[in-house]
K.L.:
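Pasting a structure here, questions to come.
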Amino acid sequence: MTTDSRTGPPVSGSERETLRAFLDYHRATLAMKCEGLDDEELRRRSMPPSTLSLLALVRHMAEVERAWFRRVFEDNAAPMVWSDRIDFQAAYDASASTRVEAFGAWEAEVENSRRVEREAESLDLLGRQPRWEKEVSLRLAMMHVLLEYSRHNGHADLLREGVDGTVGA
């Protein structure tokens with residue numbers, strides 16, 4: 001991996017600024033774990049029979065961003081990126097995927113998520129979580145996605161280590 005160019009979250013700030021910064025920090029962490037790797041390295045699985053790879057995590061996080069921002073706050077019926085039904089596991093099959101395809105989808109969903117958050121008057125904005133059939137706040141959506149990144153970035157550390165022997169940041 002190259003040098004760490006992530007911007008750390010602020011040590012003080014509003015709730016919104018802090019959530020936004022932590023989300024962006026974790027998004028940058030996932031991207032950093034994939035830096036400098038070719039498609040084959042990005043598709044390298046942890047160990048059989050697992051389909052988990054760095055590229056699979058990028059695809060999965062595109063689905064997570066889509067599910068929690070696009071589907072909750074814009075269009076409950078928006079299709080998933082890699083599944084014609086609500087199947088988050090489909091993203092984990094990155095065997096035929098490429099960096100261009102996976103990162104293109106992920107970056108598009110991240111930009112949409114940022115736009116939704118920026119345009120919201122407050123973290124109290126409510127949207128409908130179709131899987132739960134309940135209204136949820138933007139605050140909850142941001143926290144949920146942040147926790148997803150936190151958990152999966154732990155996996156990304158191990159996957160990167162398996163590719164080139166680096167230790168997680």
K.L.:
Can you get from Leu55 to Val100 by hopping between Ile, Leu, Val, Met, Phe, Trp and Tyr side chains that sit under 4.5 Å apart?
P.N.:
no
K.L.:
Less than 4.0 Å between a side-chain N and a carboxylate O, is that true for Arg114 and Glu111?
P.N.:
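Looking at Glu111 and Arg114, the cut-off is met.
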K.L.:
How many angstroms lie between atom CZ of Arg6 and atom CZ of Arg27, to the nearest 0.5 angstrom?
P.N.:
14.5 Å
K.L.:
Grouping I, L, V, M, F, W and Y whenever their side-chain heavy atoms are under 4.5 Å apart, do Phe73 and Trp132 come out in a common cluster?
P.N.:
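Phe73 and Trp132: one cluster.
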K.L.:
Just say parallel, tilted or perpendicular for the rings of Phe22 and Tyr25, cut-offs at 30° and 60°.
P.N.:
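Geometry flag for Tyr25 against Phe22: perpendicular rings.
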K.L.:
If I compare all heavy atoms of Val116 with all of Glu74, which pair ends up nearest, and what's the gap?
P.N.:
CG2-OE2, 3.6 Å
K.L.:
Are Leu19 and Glu15 packed together at the side-chain level, in the sense that at least one heavy-atom pair is separated by less than 4.5 angstrom?
P.N.:
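In short, these two side chains touch, coming nearer than 4.5 Å.
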K.L.:
Would the Trp106 and Trp82 ring centres measure less than 6.0 Å apart?
P.N.:
no
K.L.:
What is the minimum heavy-atom distance between Met61 and Leu30, and which atoms define it?
P.N.:
CG-CD2, 3.9 Å
K.L.:
Has the side chain of Asn112 got a donor or acceptor atom that lies under 3.5 Å from a matching backbone atom of Phe69?
P.N.:
no
K.L.:
Can you tell me if CD on Glu119 sees more than 12 non-hydrogen neighbours from other groups inside 6.0 Å?
P.N.:
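It does: Glu119 CD has more than 12 such atoms within range.
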K.L.:
State whether the number of non-hydrogen atoms from other residues, nucleotides or ligands found under 6.0 Å of Met143 atom CE is greater than 12.
P.N.:
no
K.L.:
Over all heavy atoms of both residues, which pair between Thr18 and Gly13 is shortest? Give the atoms and the distance, please.
P.N.:
OG1-O, 3.8 Å
K.L.:
With side-chain contact (heavy atoms from CB on, under 4.5 Å) as the criterion, how do Ser113 and Val145 come out once you've worked through the C-alpha distance, each side chain's angles and the decisive distance to 0.1 Å?
P.N.:
CA-CA 10 Å; Ser113 299; Val145 173; over 6 Å; no
K.L.:
Might you point out which heavy atoms bring Ala78 and Arg66 nearest each other, and give the distance in Å?
P.N.:
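So the two residues come closest at CB-NH2, 4.4 Å.
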K.L.:
May I ask you to say whether Asp124 pairs ionically with Arg139, meaning some side-chain N is under 4.0 Å from a carboxylate O?
P.N.:
yes
K.L.:
Tell me, do Glu107 and Val110 make a side-chain contact under 4.5 Å, heavy atoms counted?
P.N.:
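Not in contact.
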K.L.:
Is there a donor-acceptor contact under 3.5 Å from the side chain of Arg59 to the main chain of Val81?
P.N.:
no
K.L.:
Taking Arg71 for the side chain and Arg131 for the main chain, is one N or O donor matched with an acceptor at less than 3.5 Å?
P.N.:
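No, the answer is negative, given that no donor and acceptor are paired below the 3.5 Å cut-off.
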K.L.:
For residues Asp93 and Ser95, report the shortest heavy-atom separation together with the two atoms involved.
P.N.:
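Minimum heavy-atom separation between Asp93 and Ser95: OD1-OG, 2.7 Å.
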K.L.:
Evaluate side-chain contact (heavy atoms from CB on, under 4.5 Å) for Asp24 paired with Arg20, printing each intermediate quantity in order.
P.N.:
CA-CA 6 Å; Asp24 281 340; Arg20 181 186 296 145; 4.2 Å; yes
K.L.:
Which atom pair, heavy atoms only, marks the closest approach of Ser83 to Glu63?
P.N.:
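Heavy-atom minimum between the residues: N-OE2, 4.1 Å.
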K.L.:
What's the spacing between Lys33 NZ and Leu54 CG if we round to 0.5 Å?
P.N.:
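Here the rounded value is 9.5 Å.
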K.L.:
To the closest 0.5 Å, what do you measure between NE2 (His152) and CG (Leu147)?
P.N.:
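Taking NE2 in His152 and CG in Leu147, the distance rounds to 10.5 Å.
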K.L.:
Does Leu37 offer a backbone N or O that forms a donor-acceptor pair with the side chain of Arg99 under 3.5 Å?
P.N.:
yes
K.L.:
Mind checking the OG1-CG spacing from Thr29 to Asp4? Nearest 0.5 Å is all I need.
P.N.:
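Result: 7.5 Å between the selected atoms.
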K.L.:
Among His144, Gln129, Arg128, find the one that has a side chain to side chain contact (heavy atoms under 4.5 Å, CB included) with Val136.
P.N.:
Gln129
K.L.:
For the atom pair NE2 (His26) and CD (Glu148), what is the distance rounded to the nearest 0.5 Å?
P.N.:
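Between His26 NE2 and Glu148 CD, I get 12.0 Å after rounding to 0.5 Å.
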K.L.:
side-chain contact (heavy atoms from CB on, under 4.5 Å) for Tyr149 and Glu65? Distances and angles first, verdict last.
P.N.:
CA-CA 10 Å; Tyr149 274 105; Glu65 294 268 2; 2.6 Å; yes
K.L.:
Using modelled atom types and a 3.5 Å cut-off, is there a donor and acceptor pairing between side-chain atoms of Arg43 and backbone atoms of Ser97?
P.N.:
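The answer is yes, because a donor-acceptor pair under 3.5 Å joins these two groups.
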K.L.:
Are Met142 and Leu146 side-chain neighbours, meaning at least one heavy-atom pair lies under 4.5 Å?
P.N.:
no
K.L.:
Atom CZ of Arg45 and atom OG of Ser53: how far apart are they, to the nearest 0.5 Å?
P.N.:
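One gets 7.5 Å once the value is rounded to the nearest 0.5 Å.
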